[in-house]
Participant: 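My questions will all concern the structure given below.
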Amino acid sequence: MVDKIGVWMTCRMSEYLQTELAKRFNVFKSWEIPSKTDFFNQHSRSIRAVVGNGAHGADSSLIESLPYLEIISSHSSGLDKIDLVKCKEKIIRVTSTPDALTDEVADLAILLILATLRKICAGDQYVRNRMWNQGDFESTTRVSGKPVGIIGLGRIGSAIAKRLEAFCCSISYYSRSEKPNSGYKYYPNVIELAINCEILVIACSLSQSTRHIINREVIDALGPKGFLINIARGGHVDERELVLALVERRLGGAGLDVFEHEPEVPDQLIHLDNVVLSPHVGACTAETRMAMADLVVANLVAHFSDQPLITPVI
Ligand code: NAP
């Protein structure tokens with residue numbers, strides 16, 4: 001039954017995912033199609049599913065172009081690139097791959113904290129550039145025991161907190177709702193959280209209410225001894241203000257996996273020694289990519305076999 005169903009892939013993803021989809025569906029690869037308008041005019045009737053990811057989701061115009069669309073199966077946990085309001089309106093199901101990537105992203109947050117405060121990348125360059133024999137490398141900043149604030153104590157935020165307990169860090173957080181059973185201190189707003197921590201980790205989802213949740217006021221509350229770690233979405237941070245604060249040393253440093261205008265990264269960040277940068281690779285291990293791909297396919301198969309979705313969002 002399922003092998004005639006058309007699936008629109010919004011961008012190139014892993015070979016494994018493409019192969020697994022092609023075994024079961026008629027896959028249309030957006031990057032191989034020069035004129036989407038012509039293509040949709042001819043084929044939109046057969047496309048009943050979209051597979052996208054955290055960068056290339058399904059906006060209102062794509063959804064409107066596919067009148068027979070029933071489900072969007074996203075290869076991501078973040079859903080900020082999917083027009084969820086339109087999906088609800090048109091009764092289009094949406095699935096994500098939440099738990100498959102939680103540990104990987106939490107691991108990367110810890111990695112960025114350690115690498116930023118202990119200046120691992122600069123130290124690596126110091127050794128490679130044969131500078132060690134000219135003198136010892138500079139002192140860095142201790143991680144163990146530091147107060148850490150987490151914005152968004154969801155799946156990833158909680159996994160980060162659990163890891164930081166092993167570093168004897170005192171953990172506090174800000175979320176929409178207080179989590180009394182977490183055992184961590186809750187602050188009702190980001191400013192108070194920033195004042196009371198030295199490492200501020202962004203782990204919440206991106207929406208209108210969390211866009212630029214990190215602004216000048218929050219950065220100044222964190223201060224010159226503070227570090228900002230972002231493994232969530234670039235849009236959470238007013239990047240212009242962040243760069244200014246880093247250049248002016250009003251902020252101690254930053255570890256960033258995500259950027260406001262990916263894949264563009266501000267020039268100043270490239271040249272700063274108080275930042276560690278990674279190219280949005282929170283979930284990019286072979287193991288997690290495969291588990292996410294399996295979940296994307298399993299959700300589609302469940303939907304088209306009239307079975308309950310495995311990880312439904314709506
Ligand atoms: P999740 O379990 O849904 O948790 C999201 C958290 O965000 C919740 O704690 C929620 O608070 C909080 N939140 C939502 N709106 C908020 C607001 N207006 N103010 C304060 N907190 C708010 O999601 P997750 O699986 O942990 O993933 C979190 C995010 O990580 C994703 O949305 C995605 O953007 C990002 N991510 C990045 C990568 C990467 O490669 N770097 C990979 C995967 C995911 P409540 O609990 O109080 O509702």
Side-chain angles (χ1 to χ4, degrees), residues 11 13-14 52-57 74-82 84 94-113 115-116 149-164 171-182 184-194 200-215 218 228-237 254-260 262-263 265 276-289 291-293 295-296 311-314:
C11 61
M13 286 180 246
S14 68
N53 67 13
H56 303 274
S74 188
H75 188 270
S76 69
S77 80
L79 297 163
D80 44 289
K81 291 285 162 70
I82 299 177
L84 294 174
V94 177
T95 64
S96 63
T97 55
D99 294 316
L101 48 68
T102 299
D103 284 335
E104 248 70 10
V105 185
D107 289 352
L108 185 77
I110 302 301
L111 219 155
L112 283 174
I113 292 172
T116 307
I150 300 176
I151 304 177
L153 200 66
R155 282 174 284 244
I156 294 172
S158 302
I160 294 169
K162 194 171 160 196
R163 283 157 174 74
L164 286 168
I171 294 153
S172 48
Y173 69 99
Y174 163 71
S175 266
R176 278 177 299 203
S177 57
E178 191 170 354
K179 327 275 178 214
N181 296 331
S182 70
Y184 307 131
K185 183 167 174 51
Y186 176 69
Y187 285 101
N189 65 66
V190 183
I191 299 283
E192 276 189 58
L193 182 70
L200 183 61
V201 183
I202 311 169
C204 59
S205 40
L206 181 62
S207 64
Q208 277 318 314
S209 54
T210 58
R211 187 170 296 280
H212 285 194
I213 196 167
I214 304 297
N215 53 25
V218 175
L228 182 73
I229 306 296
N230 190 4
I231 48 75
R233 287 287 183 264
H236 289 305
V237 179
L256 308 170
D257 183 46
V258 288
F259 303 87
E260 201 168 2
E262 293 173 12
V265 174
V276 172
L277 311 172
S278 65
H280 200 151
V281 289
C284 291
T285 64
E287 295 91 334
T288 287
R289 280 286 155 113
M292 289 166 73
L295 203 44
V296 165
T311 45
V313 178
I314 50 175

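Counting starts at 1 for both ligands and their atoms, following the listed order.
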Participant: Who passes ring-ring contact (aromatic ring centres under 6.0 Å, His included) against Tyr173, sequence neighbours left out?
Facilitator: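 Testing Tyr173 for ring-ring contact (aromatic ring centres under 6.0 Å, His included), a comparison that skips the adjacent residues, returns Tyr186.
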Participant: Any idea which heavy atoms bring Ala283 and Met292 closest together, and the distance?
Facilitator: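 Shortest heavy-atom contact: CB-SD, 4.0 Å.
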Participant: Got a sec: does the NZ of Lys162 have more than 12 other heavy atoms crowding it under 6.0 Å?
Facilitator: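 Open.
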Participant: Listed by chain and number, what are the side-chain hydrogen bond (donor to acceptor under 3.5 Å, both in side chains) partners of Ser175, not counting sequence neighbours?
Facilitator: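 Not a single residue meets the side-chain hydrogen bond (donor to acceptor under 3.5 Å, both in side chains) criterion with Ser175.
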Participant: Partners of Asp257 by side-chain hydrogen bond (donor to acceptor under 3.5 Å, both in side chains), sequence neighbours excluded?
Facilitator: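 Only Ser278 meet the side-chain hydrogen bond (donor to acceptor under 3.5 Å, both in side chains) criterion with Asp257.
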Participant: Measure the spacing between CG of Leu256 and CG of Leu112 and express it to the nearest 0.5 Å.
Facilitator: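 Reported value, rounded in 0.5 Å steps: 7.5 Å.
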Participant: Starting from the N and O atoms of ligand 1, collect every protein N/O partner closer than 3.5 Å and put each pair on its own line with the distance to 0.1 Å.
Facilitator:
| from | atom 1 | to | atom 2 | distance (Å) |
| --- | --- | --- | --- | --- |
| ligand 1 | 2 (O) | Arg155 | N | 2.9 |
| ligand 1 | 2 (O) | Arg155 | NE | 3.2 |
| ligand 1 | 7 (O) | Ser205 | N | 3.3 |
| ligand 1 | 9 (O) | Leu153 | N | 3.1 |
| ligand 1 | 9 (O) | Gly154 | N | 2.9 |
| ligand 1 | 9 (O) | Ser175 | OG | 3.3 |
| ligand 1 | 18 (N) | Ser209 | OG | 3.1 |
| ligand 1 | 25 (O) | Arg155 | NE | 3.4 |
| ligand 1 | 26 (O) | Arg155 | N | 3.2 |
| ligand 1 | 26 (O) | Ile156 | N | 2.8 |
| ligand 1 | 40 (O) | His280 | NE2 | 3.3 |
| ligand 1 | 40 (O) | Gly282 | N | 3.2 |
| ligand 1 | 41 (N) | Ile231 | O | 2.8 |
| ligand 1 | 41 (N) | Asp257 | OD2 | 2.9 |
| ligand 1 | 46 (O) | Lys179 | NZ | 2.5 |
| ligand 1 | 47 (O) | Arg176 | N | 2.9 |
| ligand 1 | 47 (O) | Ser177 | N | 2.8 |
| ligand 1 | 47 (O) | Ser177 | OG | 3.1 |
| ligand 1 | 47 (O) | Lys179 | NZ | 3.0 |
| ligand 1 | 48 (O) | Arg176 | NE | 3.0 |
| ligand 1 | 48 (O) | Arg176 | NH2 | 2.8 |

